[in-house]
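Have a look at the structure below before the remarks.
These values consider heavy atoms only, across backbone and side chains, with no hydrogens, waters or symmetry-generated copies.
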Amino acid sequence: SVYKKGRVPAAVYTSYKKDVWRVKNAEGIVEMLPQVDQISALIGKLGIGNEDHVVLLPQGKNSSEMSTATRVYWTFKVLGHDRVSILNEGMNAYKKAKKPSYPLETGENTPLAKTFRSDFRQDWVLSKAQVKQLLDAGAVFVNSRTGDQFYGLNKHPKAKRLGAITGAVNVPQDWLTVGGKGTFRNKKDLGKIMVAQEVPSSGTVIIYCNSGQSASIDWFVLTSYWPTT
């Protein structure tokens, strides 16, 4: 794997697709948040305890790779672990660094398991009834899917219907990185995008997509770079 060919010294590996970062829920909906004890066990197995600061290192070649990191970042946050960061452009940036260049190690690194205790933020995860209530109350919904999906020209294979929630605005995830690659746009340019797409700078904003992955990159930008409360 890419990880075995060259990794940050002492870095550990987890598979976004194969490990339990996302699961099918009881209703058969894919890529949902796992049970708290299930995801907490995975984090502990990776050698992460509550006292550790986690730095996420995606490959970083495109916005989709960065959105895997923002989804995991959000997962740590929803579990009450705020000591988490993402390396902008991920391993792509680390490997490109020349002055100074940074060391790489090869092979696998087997972490010593720790106990990770979650403090789940239930108010970050909305039920269908809560979503409907907020929609009726006039909350702004931000759709992070591609424009063709937003306008109902195409749909994701897992989606049941074309189109978007009535009244939603569209901020595709690949707009938020430079050229759709792995580097986040600067705060000024991100602000221009949000203004152009009519994303408010205050009030209640609900971000969604097909599965919660691309929505996480919009959420990350809005909570990190845009003054939405």
Side-chain angles (χ1 to χ4, degrees), residues 14-46 48-50 54 56 58 64 66-86 115-145 149-150 156 158-161 164-173 176 199-200 202-229:
T14 181
S15 172
Y16 178 67
K17 292 184 178 181
K18 295 180 180 180
D19 291 337
V20 291
W21 295 104
R22 307 172 299 168
V23 298
K24 182 187 292 186
N25 69 9
E27 298 178 42
I29 302 173
V30 299
E31 300 177 356
M32 297 292 100
L33 185 68
Q35 294 293 319
V36 172
D37 57 350
Q38 188 179 23
I39 189 66
S40 299
L42 169 63
I43 292 170
K45 186 178 178 181
L46 293 172
I48 298 169
N50 296 91
V54 179
L56 302 172
S64 290
M66 296 308 293
S67 68
T68 62
T70 55
R71 172 63 186 260
V72 173
Y73 177 96
W74 177 85
T75 302
F76 274 103
K77 288 280 191 175
V78 82
L79 295 175
H81 190 81
D82 290 327
R83 302 182 71 181
V84 57
S85 305
I86 299 172
T115 298
F116 181 86
R117 295 182 175 87
S118 296
D119 184 13
F120 187 60
R121 289 167 167 151
Q122 182 64 58
D123 59 329
W124 284 33
V125 183
L126 302 181
S127 66
K128 292 179 183 178
Q130 288 173 314
V131 169
K132 181 62 167 60
Q133 185 178 26
L134 288 166
L135 180 63
D136 292 342
V140 175
F141 282 71
V142 176
N143 186 311
S144 62
R145 299 176 303 162
Q149 292 184 12
F150 176 76
H156 189 277
K158 298 292 185 180
K160 293 184 178 180
R161 297 168 59 186
I165 292 174
T166 302
V169 299
N170 187 212
V171 183
Q173 72 158 28
L176 305 180
V199 178
S202 62
T204 301
V205 175
I206 311 298
I207 306 161
Y208 77 101
C209 60
N210 292 306
S211 67
Q213 179 176 328
S214 64
S216 72
I217 198 169
D218 282 42
W219 172 85
F220 177 80
V221 165
L222 285 171
T223 55
S224 301
Y225 298 100
W226 185 240
T228 296
T229 57

- Note on the structure: The reported gap from CD1 in Ile43 to OG1 in Thr75 (rounded to nearest 0.5 angstrom) is 7.5 Å
- Query: Between Phe116 and Phe76, what is the ring plane arrangement, given parallel below 30°, perpendicular above 60°, and tilted in between?
  - Reply: perpendicular
- Message: Can you confirm whether Ile29 sits close enough to Lys24 that some side-chain heavy atom of one is under 4.5 Å from a side-chain heavy atom of the other?
- Response: no
Side chains of residues 122-129: which donor-acceptor partners sit under 3.5 Å, not counting sequence neighbours?
| residue | atom | partner | partner atom | Å |
| --- | --- | --- | --- | --- |
| Ser127 | OG | Gln130 | N | 3.1 |
| Ser127 | OG | Gln130 | OE1 | 3.4 |
| Lys128 | NZ | Glu27 | OE1 | 3.0 |

- Item | Lys77 NZ: over 12 foreign heavy atoms closer than 6.0 Å | yes
- Query: Is the shortest heavy-atom distance from the side chain of Ile39 to the side chain of Leu33 under 4.5 Å?
  - Reply: no
- Can any side-chain N or O of Tyr16 pair as donor or acceptor with the backbone N or O of Arg71 at less than 3.5 Å? no
- Task: Say whether, by atom type as modelled, one donor and one acceptor occur between the side chain of Asn143 and the main chain of Asn170 under 3.5 angstrom.
- Result: no
- Note on the structure: Residues passing the side-chain hydrogen bond (donor to acceptor under 3.5 Å, both in side chains) test with Trp21, sequence neighbours excluded, are Thr14
- Can you check whether Ser214's main-chain N or O pairs, donor with acceptor, with Ser67's side chain at less than 3.5 Å? no
- Residue pair Phe220 / Leu176, side-chain heavy-atom distance below 4.5 Å: no
- Message: Checking Asn50 now: which residues fulfil side-chain hydrogen bond (donor to acceptor under 3.5 Å, both in side chains) with it, not counting sequence neighbours?
- Response: none
- Atom CD of Gln35 and atom CG of Asn25: how far apart are they, to the nearest 0.5 Å? 9.5 Å
- Task: Flag the pair Leu79 / Phe120 as yes when at least one side-chain heavy-atom distance between them is below 4.5 Å, and no otherwise.
- Result: yes
- When you look at CZ of Arg117, are more than 12 heavy atoms from neighbouring residues, nucleotides or ligands closer to it than 6.0 Å? no
